[in-house]
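Below is one structure, written out as structure tokens; comments come after it.
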Amino acid sequence: MKPRLLVTGGAGFLGTHLLQRAKEFIPAGTLHHTAATAIPGITFHVCDLQQPEEIRMLLDRVRPEIIIHTACSDQGDNLSAIVPAAGLLAMQAAERHIRFIHLSTDQVFDGTAAPYTETNTPCPINPYGEAKTRAEALIRTLYPQATIVRTSLFYDLGKPDRQIQRLIQATQTDKPFQLFIDEWRSPLWVETLADAILELANKEVAGILHVGGPKSLNRWELGIKLLQHFGITPTFNIKKCTIKESGLIRPKNLTLNSSIAQEILQTPLLSFQEAQKKATK
Ligand SMILES: NC(=O)c1ccc[n+]([C@@H]2O[C@H](COP(=O)([O-])OP(=O)(O)OC[C@H]3O[C@@H](n4cnc5c(N)ncnc54)[C@H](OP(=O)(O)O)[C@@H]3O)[C@@H](O)[C@H]2O)c1
């Protein structure tokens, strides 16, 4: 009998890919405001993850053996939901002995001491990183057996995701669009990330795990690679920029060391080049 899996944020970027690839599970997803693209065989449940009673009813109905909590990212009004949703879900999962995997971010760090391992102490410098850091701490207190997956930017090679859509739109205008050459990340193909998380769903891994790509890229490099992947020639208005020039306060180097994850997992954490080769096979 396949295990019952609940993916929160089932209509989100990662949630959709997880649900599409969860062949070894009986999958269900949660929705909040956004209607999900129909995925054959997937049941969706509307739930506000800030409402304890809604979560209780959801878990009574779905009776999941595993929860993968992708909901509540840095988009829109999601920020204020990050901590309460993580706490409520972790508490319920602990009480019901449900395996719990929470999605966190490289932005729990300030970008001054890369590459980051699981033992580095979080030191966020933006509200998103702060909320994710608080969510991690709450989960570790409420449910120490939970897995906290810290990942980096993830990208789609099948169709342009919302970040690349913005970049593609910019190539159709004259408006300058700046990409940082000094913001370094460990980007990972969303399909690789989904496979790694689904593999973790069947493993007892407690605590924090870094799951990023093996090669760090700056925002400029990643943006240009993705544009070219989708057959678009970068236009004159796509410009290199430094964080200092932008006047923003952003972490500079958030490279993740994911060597522990790569030892635990059979799923290879592919570089951009390797992912592109696999995607276009
Ligand atoms: N995208 C990245 O590159 C990246 C990088 C590092 C870490 N992460 C983390 O990875 C996870 C997935 O990211 P993503 O980009 O796939 O996210 P996403 O596409 O923005 O999806 C997030 C989902 O959360 C749902 N949500 C927000 N508030 C909710 C609430 N109160 N109750 C129920 N659902 C709620 C949203 O539903 P509605 O739209 O219906 O409101 C949305 O479908 C997040 O935890 C994010 O922090 C993402």
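Both ligands and their constituent atoms are indexed starting at 1 by order of listing.
- Heavy-atom proximity to T151, at under 4.0 Å, picks out these atoms of ligand 1: 6 (C), 7 (C).
- For the ligand labelled ligand 1, residue H102 lies outside the 4.0 Å heavy-atom shell.
- Applying the salt bridge (Lys or Arg N to Asp or Glu O under 4.0 Å) rule to R150 yields the partners E136; only residues at least two apart in sequence or on another chain are considered.
- At a threshold of 4.0 Å, the pair R96-D60 counts as salt-bridged, since one of the basic side-chain nitrogens sits closer than that to a carboxylate oxygen.
- Between H33 and ligand 1, an N or O atom pair is found at a separation short of 3.5 Å.
- For H32, heavy-atom contacts with ligand 1 shorter than 4.0 Å involve the backbone as well as the side chain.
- Taking only non-hydrogen atoms, the option from V46, T8, T70, L103 nearest to atom 44 (C) of ligand 1 is T70.
- Judged by the shortest distance from any of its heavy atoms, T30 lies outside the 4.0 Å radius around the atoms of ligand 1.
- Distances between N or O atoms of F154 and those of ligand 1 include at least one value under 3.5 Å.
- Polar contact with ligand 1: absent for S104 (N/O pair, distance under 3.5 Å).
- Here the side chain of N237 pairs no donor or acceptor atom with the backbone of P176 at under 3.5 angstrom.
- Salt-bridge formation is not detected for the pair E65/R99: no Lys NZ or Arg NE/NH1/NH2 atom is positioned less than 4.0 Å from an Asp or Glu carboxylate oxygen.
- The pair E274-K277 does not meet the salt-bridge criterion, since no charged nitrogen lies less than 4.0 angstrom from a carboxylate oxygen.
- In terms of N/O distances under 3.5 Å, ligand 1 is not approached by D74.
- For the residues G12, P187, S73, the heavy atom positioned nearest atom 20 (O) of ligand 1 is part of S73.
- Residue contacts with ligand 1 do not include Y155, since none of its heavy atoms lies under 4.0 Å from the ligand.
- Only the side chain of K132 comes within 4.0 Å of ligand 1, counting heavy atoms alone; its backbone N, CA, C and O stay farther away.
- Note: an N/O pair closer than 3.5 Å links D48 and ligand 1 by distance alone.
- Every N/O-N/O distance between L153 and ligand 1 stays at or above 3.5 Å.
- The atoms of ligand 1 that sit less than 4.0 Å from any heavy atom of C47 are 32 (N), 33 (C).
- The residue from L14, I197, L209, L193 that alone fulfils the side-chain contact (heavy atoms from CB on, under 4.5 Å) condition with T151 is L193.
- In this structure, S152 is part of the shell of residues with a heavy atom less than 4.0 angstrom from ligand 1.
- Atoms of ligand 1 lying under 4.0 Å from at least one heavy atom of Y128, given by number and element, are 7 (C), 8 (N), 9 (C), 46 (C), 47 (O).
- For Y116 against G111, the heavy-atom pair with the smallest separation is OH-N, 3.0 Å.
- In this structure, L59 is not a member of the same hydrophobic cluster as I66, with clusters built from ILVMFWY side-chain heavy atoms closer than 4.5 Å.
- R185 pairs in a side-chain contact (heavy atoms from CB on, under 4.5 Å) with only one of the listed residues (L256, L254, N218), which is L254.
- Classification of the F154-F13 ring pair by plane angle, with boundaries at 30° and 60°, yields tilted.
- At a 3.5 angstrom cut-off on N or O pairs, F13 counts as close to ligand 1.
- Note on R219 versus E221: no salt bridge recorded, every NZ/NE/NH1/NH2 to OD/OE distance being 4.0 Å or above.
- The shortest N/O to N/O separation between L14 and ligand 1 falls below 3.5 Å.
- At least one side-chain heavy atom of F100 sits under 4.5 Å from a side-chain heavy atom of I139.
- Considering backbone and side-chain atoms together, T34 places an N or O closer than 3.5 Å to an N or O of ligand 1.
- Residue A81 has no N or O atom closer than 3.5 Å to an N or O atom of ligand 1.
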Report task. Please step through side-chain contact (heavy atoms from CB on, under 4.5 Å) for the pair L18 and T70, ending with a clear verdict. Result -> CA-CA 10 Å; L18 281 165; T70 80; 3.5 Å; yes
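- Under 4.0 Å from ligand 1, not a single heavy atom of R150 appears.
- Within the structure, every pair that satisfies the salt bridge (Lys or Arg N to Asp or Glu O under 4.0 Å) test and touches residues 187-198, not counting sequence neighbours, is listed here: R21-E191, R21-D195.
- Counting heavy atoms closer than 4.0 Å to ligand 1, residue A85 contributes nothing at all.
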